[in-house]
Every structure is written in structure tokens, then in C-alpha cells.
Trainee: 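Before I ask anything, here is the structure I am working with.
What you see is a predicted model; the values in this text were computed from it and never measured. Letters A, B, ... are given to chains in the order of the sequence lines, protein chains preceding strands, and every chain is numbered from 1.
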There are 2 protein chains.
Amino acid sequence: MKQPCALHPHPHSHAHRLIQPPLNELTEQLRRRDRKITAPRQAILEVLRRHQHPLTNREIHAALGESECDLATVYRNLNTLEQMGMVRRFDFGDGTARFELLAEGDDGHHHHLVCTRCSTVVEVDGCFSTEVEARLARTHGFTQITHRLEFFGLCPKCAAGT
Amino acid sequence: MKQPCALHPHPHSHAHRLIQPPLNELTEQLRRRDRKITAPRQAILEVLRRHQHPLTNREIHAALGESECDLATVYRNLNTLEQMGMVRRFDFGDGTARFELLAEGDDGHHHHLVCTRCSTVVEVDGCFSTEVEARLARTHGFTQITHRLEFFGLCPKCAAGT
DNA sequence: ACACAGTTTGCAATTCATTTGCAACAAGGC
DNA sequence: GCCTTGTTGCAAATGAATTGCAAACTGTGT
């Protein structure tokens, strides 16, 4: 196991572009600040309620229909809703964030299995790393350990249809 | 566990932006094509050999020094080297890819523990999901399952220095 | 040496996701 | 009413990554 070594500090610092686990101290603070459920936010939550699979900003924006608002507003509000803990961000590694509605009191911790051909997404239940995280904490002295885990594969249909 | 549901197919199709596991059939094909180790490629591998932690395209480009080449060339060659199986791409979720040198015969499968404050990276040995993948294959009928897993936390120094 | 095909490079321009500056707005206090 | 604060639309900017194109380079056959 290699020695730790700091990467070059990033010269540019886009607020949410920093390397961050889904929930850290900062978002924890913001989560407490009461924000209102404005019309656009309501509409976005509604869209997420309808499709219960991770959607991109653009997809959500497209699905708004009646209650259309600016794409920038969708971006801003999804960030806000994430901080409020009402929505969970996922990263499938294709460069665009995806969001899922978060049930009340649910920390939303689960993972996905994504088809690499047709992008079908299956939600995977259960999480496999709690004790692993504890081990890492012991081994490396890190605290507040979280993780990001997604599975990829070829779905039955795509495997057949080749 | 929810029903599978295809996302909207992406209208734009940047070659490597597709949702893909580190190694799929396509890269498997390309891996076999013999590509030469040109000067820039050599230099890039050299840089990766020096720093043995995941580096971004930009960091590598900056570290080239003497054997400077265009940043686009760095991007192109890291993609090529990845296809050749000489380099492994990692995604820490901050929007920029990072690369590590891959030892001969090593499939490079390991994960990282990243400090969310100072970006210190520790390589984590061992992988925890082989049997999980088998279970997913059984449960959902997916094949060729791979995964992407990174850990995040607060390193001892940052925890102390707060 | 010479020509030719295929690969690679530099450079500039482009794409795409995401963020941001700014002025106009809305709502809640005082 | 007026002031403060958060929100929105719009346009512009940022930043990673890709790409078109022409020039340079590689190796191969003659």
C-alpha cells in the first residue's frame, strides 16, 4: 500500500466540483438552513417522483413541461435540494450528474447496476462496505469515511440482442 | 428493488463519454491492436512512473518538462494507453479523470481512499465485491459485471489541523 | 533513395456540463 | 411603503475533453 501524497491543489475551485463524498460537514450545515419549496423546486420533485430512476438535469428540465423554468434554475435547485437532503446525486462516470428523489428519513444509501450498452439502470439493494469502512478507518486513520460505488454490466436484453 | 428502465438515449455521443466500465468489449478489441510507444507516450509513462499516484491530464502535461507536448496529445495518448492496458483511469467524482501506471500483467484493480479536504490519496488494497458481482449476475441476469468504487474521508492530518 | 499508407502531432476551434454575474422579482418583516 | 434576502431568467464564462485539419513522422515495399 502506497504512501499518501497530496495532489496538486486545484487552482480553480468550482464550489461543488471539489472532491466530496455525498454528505460532508458543509452540506450538513446547509441541510439545516430552511429553504422554501418554491414552484420550480416543487415541479422538479414532482418529475423525480414520476420517474423513479436517476435523471440528469437536462432530462428533468425536458420533463418539466408546463412548469418550465430555465435550465440554470434546474441546476441550481438540484444542488439546493441535494443540500436540503431531499434528493441524492449519483455519478455514473459519464460526466453528467443524475438525481433521485430521497424518501423522508431515508439516507438514500444504495447503489446501481447500469447496462453499458443501453443505460438501463437497476437499483441494487443493500450495501457491502460498512465493516470495510471501519477497517479503513483503523488502518489509515481516516475518519468520516463514505464511499461511492456503482456496478456496470451487460443487461439480459442487450446480451441476447447482440 | 425497482424495475429497470432505460434512460433517454443520449443524443450526443462523445466516444468515451458513454457509460462504460473500465474495460469492455470494445477496449478489449483495441487493446490487442498493437500501438507503438511513441516519444510522448514514453514521456507520459515516465511521469506516471515518477509520481505513483493518480494524476490528471493537466498534471501530467505540466510534469512533462523537457519532453513537452500539446495538452491534446496528452489526452489522446492517455486514452490510447488506457486502451493498450498500460494505464488505468480513475474517477474521483470531481469531473476530471486521473491516471495510474499499470504494472505488466496487473489488471490494476484496486481502489482509493481520498481525503475530502486536502485530496491526499491512499491506495487501498484488496477488493470486496467479487462475490457480490456474482450475486448481482444471478439476481438481475446481467453479465460482464464490473464496478467502480472509491472511498472518501478526512485524513488524520486534516482531522487534527481543523 | 522514393513514394505511399497509416499514425501521430500541434493548433485552433468545438462540444458539453456546469457555474456565475447581473438585473428583475417575490415575499416577509419593520 | 421600504428594505433585506432568496430566487429566477438570461447571457456569458469556465473547464474538461474531443475533434478537424494540415503538417510531420513511421515503416514498408520497390
Trainee: Whole angstrom is fine here: how far is it from NE2 in H61(A) over to P in dA17(C)?
Mentor: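 Whole-Å distance recorded here is 13 Å.
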
Trainee: Between E59(B) (CD) and dA16(D) (P), how many Å, whole number?
Mentor: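 Distance, rounded to whole Å: 10 Å.
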
Trainee: Taking atom C1' of dT7(C) as reference, at what distance in whole Å does atom CZ of R41(B) sit?
Mentor: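 In whole Å, dT7(C) C1' lies 8 Å from R41(B) CZ.
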
Trainee: Are side-chain N/O atoms of E133(B) and H147(B) paired as donor and acceptor at under 3.5 Å?
Mentor: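 Indeed, the side chains of E133(B) and H147(B) share at least one donor-acceptor pair under 3.5 Å.
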
Trainee: May I ask you to decide if the ring planes of F90(A) and H110(A) are parallel, tilted or perpendicular, using 30° and 60° as cut-offs?
Mentor: tilted

Trainee: Run the salt-bridge test on R148(B) and E150(A) with the 4.0 Å N-O cut-off and return the result as yes or no.
Mentor: no

Trainee: Would you say the ring centers of F92(B) and H112(B) fall short of 6.0 Å from each other?
Mentor: yes

Trainee: Between atom CD1 in I37(B) and atom C1' in dC25(D), what is the gap in whole Å?
Mentor: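 Whole-Å distance recorded here is 16 Å.
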
Trainee: Return whichever of D70(B) or N57(A) has its heavy-atom-nearest nucleotide of DNA chain C closer to the 5' end.
Mentor: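 Closest to the 5' end, via its nearest nucleotide, is D70(B).
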
Trainee: Counting distance alone, no hydrogens or angles: does the base of dG6(D) have a donor or acceptor under 3.5 Å from a partner atom on the side chain of R76(A)?
Mentor: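 Counting by modelled atom types and ignoring angles, no donor-acceptor contact under 3.5 Å is found here.
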
Trainee: Specify the separation, in whole Å, of atom CZ of R98(A) and atom C1' of dT18(C).
Mentor: 15 Å

Trainee: Starting at atom OH of Y75(A), determine the distance to atom C1' of dT14(D), rounded to an integer number of angstrom.
Mentor: 13 Å

Trainee: Answer yes or no: does a side-chain N or O of T38(B) lie under 4.0 Å from OP1 or OP2 of dT9(C)?
Mentor: yes

Trainee: If you compare all heavy atoms of C69(A) against all heavy atoms of H61(A), which two are closest, and at what distance to 0.1 Å?
Mentor: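 Distance-wise, the nearest heavy atoms are O-NE2, 2.8 Å.
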
Trainee: With respect to the side chain of K36(A), which nucleotide from dA17(D), dA17(C), dG6(D) is positioned closest?
Mentor: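 For the K36(A) side chain, the nearest candidate turns out to be dG6(D).
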
Trainee: A97(B) near the nucleic acid: base, sugar-phosphate alone, or nothing, with a heavy-atom cut-off under 4.0 Å?
Mentor: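 Sugar-phosphate contact only.
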
Trainee: Please tell me if R35(A) has a side-chain N or O lying less than 4.0 Å from either OP1 or OP2 of dG6(D).
Mentor: no

Trainee: Please state how far atom CG in D94(A) lies from atom P in dC16(C), giving the value in whole angstrom units.
Mentor: 14 Å

Trainee: Which whole-number value in Å describes the distance from L71(A) CG to dT18(C) P?
Mentor: 9 Å

Trainee: Taking the minimum atom-to-atom distance to the side chain of A72(A), which one of dA12(C), dT20(C), dT18(C) wins?
Mentor: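 Taking heavy atoms from C-beta onward, the closest nucleotide is dT20(C).
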
Trainee: Can you tell me if T73(A) touches the phosphate of dT8(D), counting only side-chain N or O atoms and a distance under 4.0 Å to OP1 or OP2?
Mentor: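 T73(A) to dT8(D) OP1/OP2: no side-chain N or O under 4.0 Å.
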
Trainee: Does dT8(C) have OP1 or OP2 sitting under 4.0 Å from an N or O in the side chain of N77(B)?
Mentor: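 It does not, given that no N or O in the side chain of N77(B) lies less than 4.0 Å from OP1 or OP2 of dT8(C).
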
